[in-house]
Amino acid sequence: MIFDHTIKEVLTERVQALEQHFSSDVVFYFGEIHPSLVKMFRDFLEKLAAEKEKKDLLTVFLNTPGGSAETVEKMVDIMRFHYKQVYFVVPDFA
């Protein structure tokens, strides 16, 4: 349990540093893009966008082998609905 808490603290610190660096909200996605993700992604982004510290810019760190093009389109529509600008950082492959 203490290990989980430590990981969460470190990740929170790193995300805050990235948000400050990019002057944006920051999210990470790792995995295949599958239609079953749309609702979960929408709910997550709506919660993020409802925060009072929300920025107009979203930076997405993306690492994916690919997946459904229609799902990608829906996810992008959701991001653009909530943010004026969306940037993608691909540290490995997408």
Side-chain angles (χ1 to χ4, degrees):
M1 193 97 140
I2 196 162
F3 187 65
D4 291 343
H5 180 71
T6 302
I7 291 172
K8 185 175 180 179
E9 281 183 354
V10 170
L11 287 173
T12 299
E13 289 172 10
R14 300 294 164 88
V15 167
Q16 288 172 344
L18 287 168
E19 287 177 337
Q20 191 171 28
H21 176 77
F22 288 105
S23 298
S24 71
D25 288 340
V26 172
V27 297
F28 295 84
Y29 184 78
F30 181 91
E32 183 180 354
I33 298 175
H34 189 272
S36 65
L37 298 171
V38 173
K39 182 183 180 324
M40 180 175 53
F41 182 77
R42 184 195 67 224
D43 293 348
F44 169 78
L45 215 60
E46 286 176 353
K47 185 177 177 182
L48 181 65
E51 292 181 3
K52 64 180 179 178
E53 297 89 17
K54 178 193 171 286
K55 311 270 191 317
D56 290 331
L57 171 64
L58 177 66
T59 302
V60 180
F61 283 78
L62 181 65
N63 191 330
T64 178
S68 164
E70 293 85 6
T71 302
V72 170
E73 185 176 1
K74 288 177 185 177
M75 292 170 79
V76 169
D77 287 344
I78 292 165
M79 288 183 267
R80 289 189 175 167
F81 179 81
H82 293 287
Y83 290 89
K84 291 181 181 179
Q85 292 181 302
V86 179
Y87 292 119
F88 291 88
V89 177
V90 181
D92 194 13
F93 61 92

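Start at 1 with the first residue, then count along the sequence.
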* **Within-4.5 Å side-chain heavy-atom neighbours: Phe81 and Leu45** =>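 With C-beta onward as the side chain, the pair stays apart.
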* **Validation row: Thr59, Leu18 side chains within 4.5 angstrom (heavy atoms)** =>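 Of all side-chain heavy-atom pairs linking Leu18 with Thr59, none is under 4.5 Å.
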Testing the basics here: between [X] and [Y], what is the closest heavy-atom pair and its distance to 0.1 Å?
| X | Y | value |
| --- | --- | --- |
| Thr71 | His34 | CG2-O, 3.5 Å |
| Leu57 | Val86 | CD1-N, 4.3 Å |
| Thr64 | Gly31 | OG1-O, 2.6 Å |

According to a 4.5 Å side-chain heavy-atom criterion applied to Ile, Leu, Val, Met, Phe, Trp and Tyr, with indirect links allowed, do [X] and [Y] form part of one hydrophobic cluster?
| X | Y | result |
| --- | --- | --- |
| Phe41 | Phe88 | yes |
| Tyr29 | Met40 | yes |
| Ile33 | Met79 | yes |

* **Lys/Arg N to Asp/Glu carboxylate O, Lys39 vs Asp43, below 4.0 Å** =>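 Salt bridge flag = yes for Asp43 with Lys39.
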For [X], does the [atom1] atom have more than 12 heavy-atom neighbours from other residues, nucleotides or ligands under 6.0 Å away?
| X | atom1 | answer |
| --- | --- | --- |
| Lys74 | NZ | no |
| Glu9 | CD | yes |
| Tyr87 | OH | no |
| Phe93 | CZ | yes |

Drop me the distance from [X]'s [atom1] to [Y]'s [atom2], to the nearest 0.5 angstrom.
| X | Y | atom1 | atom2 | result |
| --- | --- | --- | --- | --- |
| Gln85 | Leu58 | CD | CG | 11.0 Å |
| Tyr83 | Lys55 | OH | NZ | 9.0 Å |
| Thr12 | Ile7 | OG1 | CD1 | 11.5 Å |
| Leu48 | His82 | CG | NE2 | 9.5 Å |
| Leu37 | Phe44 | CG | CZ | 12.5 Å |

* Asked: With respect to Phe28, which candidate in Val15, Leu62, Val89 satisfies the side-chain contact (heavy atoms from CB on, under 4.5 Å) definition?
  ->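 When side-chain contact (heavy atoms from CB on, under 4.5 Å) is applied between Phe28 and each of Val15, Leu62, Val89, only Val15 qualifies.
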